[in-house]
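Take a look at the structure below.
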Number of protein chains: 2
Amino acid sequence: MPSPPKVPIPTLERLATYMRMLVELSSNGSATISSAEVEVCTGVDASQFRKDLSYFGMFGKPGVGYDVASLQRKIARILRIDSPQPVVLIGAGNLGAALVGYPGMAEHNFEIRAVFDNNFAKIGRKLWDTEILDINDLESVNREIGARIAILAVPSSAAQEVAEHCVRAGMDLILNFAPTHIKMAANIFVRDVSFLQELAVLSFHAGPSDDHS
Amino acid sequence: MPSPPKVPIPTLERLATYMRMLVELSSNGSATISSAEVEVCTGVDASQFRKDLSYFGMFGKPGVGYDVASLQRKIARILRIDSPQPVVLIGAGNLGAALVGYPGMAEHNFEIRAVFDNNFAKIGRKLWDTEILDINDLESVNREIGARIAILAVPSSAAQEVAEHCVRAGMDLILNFAPTHIKMAANIFVRDVSFLQELAVLSFHAGPSDDHS
DNA sequence: CAAACTTTGATCCAAATTGCACAAAGGCAG
DNA sequence: CTGCCTTTGTGCAATTTGGATCAAAGTTTG
């Protein structure tokens, strides 16, 4: 490899933010946007925006700004959502239902191609318009889908086991909504999402004297 | 004030992680835990754990470790969840339902005391066992509840307006699940949660050659 | 009771991330 | 076509965060 340009995680997170903004802008018919305008729309510092993009090459024209449609295509390619990105969801509970029903998913080219559960009462029923499948069929189904991304919306007690099952089925990118730490081999990329973490950060700031230090 | 010891946000996030672990441990009857064991359970570096706690004083005994029950109480106090922390939820859609039904919320002393919506078809119905209230009653209801934390589970198009409404009702800590940037005065603390951001970070790593650099 | 072992809390250093400043590039007006 | 204005991309300094090291404190064993 010539040079593996390591991209900071925060930069990737912001790329998704830019993507959101661009989707919105393009539907509003805007043609170009400057980094200063990005700062107003997203709250991200203008030079931060430019530096984020600079990890991947040059996208804008000095004196003009960035072409909305073109930039959207390029970020989509970077994030591997220029063509539909297949995703598998495990857990057909409330959270799973919310995720399947979330419109932003499809708008950004993430396609939940299958939903699995281990509850016989749920298997065979439909979540919106996708059938809930038996978790035991994970390997065989994903042999067809070829998803590398798994979303875990299962109880903590099942998370570790389910994650390992996903790995056996060929997935190596895991988004874990269960409030527990998952131990995985180094080549498996796990990302934890915890509502409680977010709430805790807020709650801390509910100190006696508005301690916004 | 003698010295306003600024606490890093990542530290606060990890405190919530420790809290989770402690809740689990105490139900399993463990009495003490060492920072090395914390590293095994949570994946957080042992010295990181000790440093996080050192922002708030001394909690452990050399040669022994930390008393599980005592540490749990102390972290709970830091995060303002030693007594129930009232929370208001706006938006009774799928995500809202998932949040109300999430058991970890109550276990960690976050109490969703009211759910609001602007959809007349939903107002008056029940979400689990809490009634869905009219968003127009936000001020009057929160005068009784006194919540400072608001969770926004509303469409992007409504987020900004609803956030401002929450501020008028006395809330100053906002957890925003809508995929949009909310502009607020500096004394309002806003935290954005975006599934798409998390997915994007994963999806990026679905590069051609497993580029785990 | 003393020596060896364990674990904390603090300090130090390295790595990562952010924000600023400036030169180069492109467009526009006269 | 020339000079001015706008905006990008990048190098650099400053802040923030993470990981390692070490002395001091506490426990256990013989």
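Note on naming: letters A, B, ... go to the chains in the order of the sequence lines (proteins, then strands), and numbering restarts at 1 for each one.
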Expressed as a whole number of angstroms, how long is the span from [X]:[atom1] to [N]:[atom2]?
X: A/R50; N: D/dT10; atom1: CZ; atom2: P; answer: 11 Å
X: A/I9; N: C/dT18; atom1: CD1; atom2: C1'; answer: 16 Å
X: B/Q48; N: C/dG9; atom1: CD; atom2: P; answer: 15 Å
X: B/K61; N: C/dT8; atom1: NZ; atom2: P; answer: 13 Å
X: A/K74; N: D/dG9; atom1: NZ; atom2: C1'; answer: 14 Å
X: A/D52; N: D/dT8; atom1: CG; atom2: P; answer: 14 Å
X: B/I33; N: C/dT6; atom1: CD1; atom2: P; answer: 18 Å
X: B/F49; N: D/dG18; atom1: CZ; atom2: C1'; answer: 16 Å

Would you indicate whether the side-chain heavy atoms of [Y] and [X] approach each other to under 4.5 Å?
X: A/V141; Y: A/V88; value: no
X: A/Y18; Y: A/L15; value: yes
X: A/V40; Y: B/K183; value: yes

Can you check whether [X] has a side-chain N or O nearer than 4.0 Å to OP1 or OP2 of [N]?
X: B/Y66; N: D/dG26; value: no
X: B/R14; N: D/dG18; value: yes
X: A/S35; N: D/dT8; value: yes
X: B/Y55; N: C/dA10; value: no

Counting only side-chain heavy atoms from C-beta out, which of [options] sits nearest to [X]?
X: A/S54; options: C/dG19, D/dT10, C/dG9; answer: D/dT10
X: B/K6; options: D/dG26, D/dT16, C/dA16; answer: D/dT16
X: A/P62; options: D/dT8, D/dG19, D/dG26; answer: D/dT8
X: B/P10; options: D/dT17, D/dG19, D/dA25; answer: D/dT17
X: B/D45; options: D/dA20, C/dG27, C/dA10; answer: D/dA20
X: B/S34; options: D/dG18, C/dT8, C/dT18; answer: C/dT8

Judged by each residue's nearest nucleotide on DNA chain C, which is more toward the 5′ side, A/G63 or B/G65?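 Of the two residues, B/G65 wins.
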Tell me whether the side-chain N or O atoms of A/K51 pair up with the base of C/dG19 as donor and acceptor below 3.5 Å, since no angle test is needed here.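 Yes, the side chain and the base share a sub-3.5 Å donor-acceptor pair.
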Can you tell me how far the CD atom of B/Q197 sits from the NE2 atom of A/H108, to the nearest 0.5 Å?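 Output value for this atom pair is 11.0 Å.
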Between B/Y66 and B/F49 (judged by ring centroids, cut-off 6.0 Å), do the two rings come close enough to count as a pair?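 They qualify: ring centres under 6.0 Å apart.
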Ring center gap for A/F189 and B/F204 short of 6.0 angstrom: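 That pair fails the under 6.0 Å test.
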Check every strand shown and say whether A/S47 touches a base, only sugar-phosphate, or nothing at a heavy-atom separation below 4.0 Å.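 Base contact - A/S47 has a heavy atom under 4.0 Å of at least one base atom.
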